[in-house]
Asks: 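I have a structure I would like to understand better, so I am pasting it below and will then ask my questions one at a time.
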Amino acid sequence: MRKIRILVVVGSLRVGGQERVATSIVEYIDKEKFQVDYLVYDDIESSNTQTVINNGGKLIRDKNIFADRTKIVKRLTKIIIDNGPYDIVHSHGMFNNGYVMLASKKAGIKCRIAHSHSTNAGKNTNSLVYKFYMMLMRFYMLKYATSIVACGTQAGEFLFGKSAFKKYGGIFYNRIDSDVFEYSETRKLNLRQKLNITKHKIFIIVGHIIPLKNHRFAFQVFEKYHSINQDSELLILGDGELRQELEEEVASRNLNDSIIFLGNVNNVNEYMIVSDCLLMPSWYEGLPVTLVEAQSAGLHCIVSDTVTKEVDITGLISWRSLDDLSGWVKDMQSEYKRKSMKEKIVEKNYDFCNYTEWLTNFYFDLLR
């Protein structure tokens, strides 16, 4: 039997939640029935690119795809045809999905999936030029995609429009391996020793060090908390364009012994287990994989109220306005009885168990 060929289109395979969702496809797909390739717009190497290669996928790179916007569709169409034939194109590019859907249609792809991961475009959406771009891309997606999916309802409504997503959309859950995040007090104590964690209260931020994640606000609230309880530490997991600037700012506040930049790590699960509270003061998010992971670890999460409420799977999330700094500090002082939340994660379909079967049915159903 000929394998079903899938092309996953994603802007980058750097370390991050959206990228992890995209690479989970090649990792968990039934490899006897499917071949999965990836088109990316950069040359970044990461654990995600290694996942693709280790699971038999091909990486197709084009750093210049947006060099001339009048030729994007033509360029994408050629890439799809030259590397095909593909049965399915699954695009994770937010509004850029529009280009991919049109190109896939021109390339004769039967199944064309547009996937939303966020509730915001991250651009100056008030400019007339960008408004026109969003309108055009949404038109292309709704006209040429054969399926529209999102990590959550709000992300779907943002990208595709409320009525269109309600009528045609579906949820593609951001799944995790809850086993590696499962909490126990013994595991926490052992990992604290392994990672040399000595402070009593540990806070954590996980994600790209970019403006969207709003690290500066977290530094402000941690500084207030730290003045009350100096036996505390804030761990910053991730990397990005603002890292050096923020490291210098932390040093200028004399907090570089208490706010620790760890960069990209392969054991996020261990740091979540040893921590006591996760901070997410993002300006916006879709349905963050990080919050699913943190809840799986039984971790109290303090989250900006701009993040979708759909992500509250366990009741461990406290929502706070970014105008309420004292409220964040108050929540950071709260105590709670921590326990494993694995059953909740599995029950709500956010775990990788049965994911291979689910993916097989998902793609076969769309090809019928």
Side-chain angles (χ1 to χ4, degrees), residues 15-30 47-48 51 55 117 150-153 155 171-195 197 201-207 235 237-238 265-280 285-303 307-319 331 334-362:
V15 175
Q18 173 180 315
E19 296 80 8
R20 178 68 188 110
V21 172
T23 53
S24 72
I25 296 169
V26 72
E27 186 173 1
Y28 286 89
I29 200 81
D30 185 337
S47 57
N48 286 324
T51 295
N55 284 278
H117 289 271
C151 58
T153 302
I171 302 297
F172 194 106
Y173 290 99
N174 290 351
R175 298 180 186 241
I176 66 165
D177 181 356
S178 62
D179 284 339
V180 302
F181 291 92
E182 188 168 12
Y183 172 82
S184 74
E185 187 65 19
T186 301
R187 195 176 188 187
K188 176 181 177 179
L189 293 174
N190 289 339
L191 285 172
R192 279 198 168 217
Q193 187 173 17
K194 172 188 172 182
L195 300 172
I197 303 292
K201 193 76 175 269
I202 302 295
F203 299 91
I204 188 172
I205 296 178
V206 181
L235 306 179
L237 274 60
V265 301
N266 294 322
N267 58 338
V268 172
N269 60 313
E270 294 182 345
Y271 281 102
M272 284 189 174
I273 291 168
V274 300
S275 298
D276 301 289
C277 181
L278 179 135
L279 305 179
M280 184 177 281
E285 294 277 355
L287 198 150
V289 179
T290 295
L291 286 182
V292 179
E293 293 171 342
Q295 289 177 90
S296 183
L299 199 56
H300 179 211
C301 307
I302 310 174
V303 179
V307 177
T308 175
K309 303 299 186 291
E310 295 174 82
V311 76
D312 191 359
I313 307 165
T314 61
L316 285 172
I317 297 180
S318 299
W319 309 95
D331 282 343
S334 65
E335 299 293 335
Y336 66 104
K337 185 171 176 58
R338 192 167 175 186
K339 61 181 180 179
S340 169
M341 288 292 178
K342 177 179 170 62
E343 287 187 11
K344 281 274 188 184
I345 301 299
V346 172
E347 176 190 331
K348 299 289 185 178
N349 294 319
Y350 284 99
D351 186 80
F352 278 132
C353 63
N354 301 320
Y355 189 41
T356 299
E357 180 184 357
W358 186 89
L359 277 175
T360 300
N361 293 333
F362 172 75

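When a residue number appears, it is its place in the shown sequence, counting from 1. The structure presented is a predicted model; accordingly, all values stated were derived computationally and were not measured.
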Asks: List the residues meeting ring pair (Phe, Tyr, Trp, His ring centres under 6.0 Å) with F181, not counting sequence neighbours, and say none if there are none.
Replies: none
Asks: What closest approach, in Å, do V311 and Q295 show between heavy atoms, and which atom pair accounts for it?
Replies: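 Smallest interatomic distance, heavy atoms only, reads O-NE2, 2.8 Å.
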Asks: Taking C-beta and beyond as the side chain, do L278 and Y271 meet within less than 4.5 Å on heavy atoms?
Replies: no
Asks: Only one of H300, K201, K188 passes side-chain hydrogen bond (donor to acceptor under 3.5 Å, both in side chains) with D276; say which it is.
Replies: K188
Asks: Heavy atoms only: give me the nearest S275-I202 pair and the separation to one decimal.
Replies: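 Closest pair (atom of S275, atom of I202, distance): OG-CG2, 3.5 Å.
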Asks: Please evaluate residues K348 and D312 with respect to the criterion salt bridge (Lys or Arg N to Asp or Glu O under 4.0 Å), reporting the C-alpha separation (whole Å), side-chain torsions for both, the decisive distance (0.1 Å), and the verdict.
Replies: CA-CA 11 Å; K348 299 289 185 178; D312 191 359; over 6 Å; no
Asks: Roughly how far, to the nearest 0.5 Å, is the CD1 atom of I176 from the OG1 atom of T290?
Replies: 10.0 Å
Asks: Could you check if a side-chain atom of F362 sits within less than 4.5 angstrom of a side-chain atom of F172, using non-hydrogen atoms only?
Replies: yes
Asks: Which atoms form the tightest heavy-atom contact between W319 and V307, and what is the distance?
Replies: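 That closest heavy-atom pairing would be CZ3-O, 3.4 Å.
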Asks: So, T23 and N48: side-chain donor and acceptor under 3.5 Å apart, yes or no?
Replies: yes
Asks: Give, for atom CD of Q18 and atom CG of N174, the distance between the pair rounded to the nearest 0.5 Å.
Replies: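 Answer rounded to 0.5 Å: 9.0 Å.
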Asks: Check for a donor-acceptor pair, side chain of T356 on one end and backbone N or O of Y28 on the other, with a separation under 3.5 Å.
Replies: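 A pair under 3.5 Å: yes.
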Asks: Rounded to the nearest 0.5 Å, how far apart are CZ of R175 and CZ of R20?
Replies: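 Atom-to-atom, R175:CZ and R20:CZ are 13.0 Å apart.
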Asks: Using the rule given for side-chain contact (heavy atoms from CB on, under 4.5 Å), can you reason through K342 versus D179, listing the C-alpha separation, both sets of side-chain angles and the distance that settles it, and then say yes or no?
Replies: CA-CA 7 Å; K342 177 179 170 62; D179 284 339; 2.6 Å; yes
Asks: Heavy-atom distance under 4.5 Å between the side chains of L191 and N267, does that happen here?
Replies: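 The answer is no, as the side chains (C-beta and beyond) never meet within the 4.5 Å cut-off.
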Asks: Hey, are the side chains of L359 and D30 touching, using non-hydrogen atoms and a 4.5 Å cut-off?
Replies: no
Asks: Measure the shortest side-chain to side-chain distance between M341 and I313 over non-hydrogen atoms and say whether it is less than 4.5 angstrom.
Replies: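 The answer is no, as the side chains (C-beta and beyond) never meet within the 4.5 Å cut-off.
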Asks: Do the side chain of D351 and the main chain of S178 share a donor and acceptor less than 3.5 angstrom apart?
Replies: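 Yes: the side chain of D351 pairs with the backbone of S178.
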Asks: Can you check whether Y355 reaches I25 side chain to side chain, under 4.5 Å on heavy atoms?
Replies: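 Yes, side chains in contact.
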Asks: Indicate the atoms forming the closest heavy-atom contact of L287 with E310, along with that distance.
Replies: CD1-CB, 3.9 Å
Asks: Starting at CD of E347, measure out to CD1 of I345 and round the result to the nearest 0.5 Å.
Replies: 10.0 Å
Asks: State, with a plain yes or no, whether a side-chain heavy atom of C151 is found less than 4.5 Å away from one of V21.
Replies: no
Asks: Could you state the interatomic distance from CD1 (I317) to CG (L291), rounded to the nearest 0.5 Å?
Replies: 5.0 Å
Asks: Using every non-hydrogen atom in the two residues, find where D177 and F352 come nearest and quote the distance to one decimal.
Replies: N-CD1, 3.3 Å
Asks: Work out which heavy atom in M272 is nearest to a heavy atom in I204; give both atom names and the distance.
Replies: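 Nearest heavy atoms, M272 then I204: N-CD1, 4.1 Å.
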Asks: Mind checking whether L299 and R338 have side chains closer than 4.5 Å, heavy atoms only?
Replies: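 When only atoms from C-beta onward are counted, R338 and L299 do touch, with a gap below 4.5 Å.
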Asks: If you round to the nearest 0.5 Å, how far is CD of E343 from OG1 of T314?
Replies: 13.0 Å
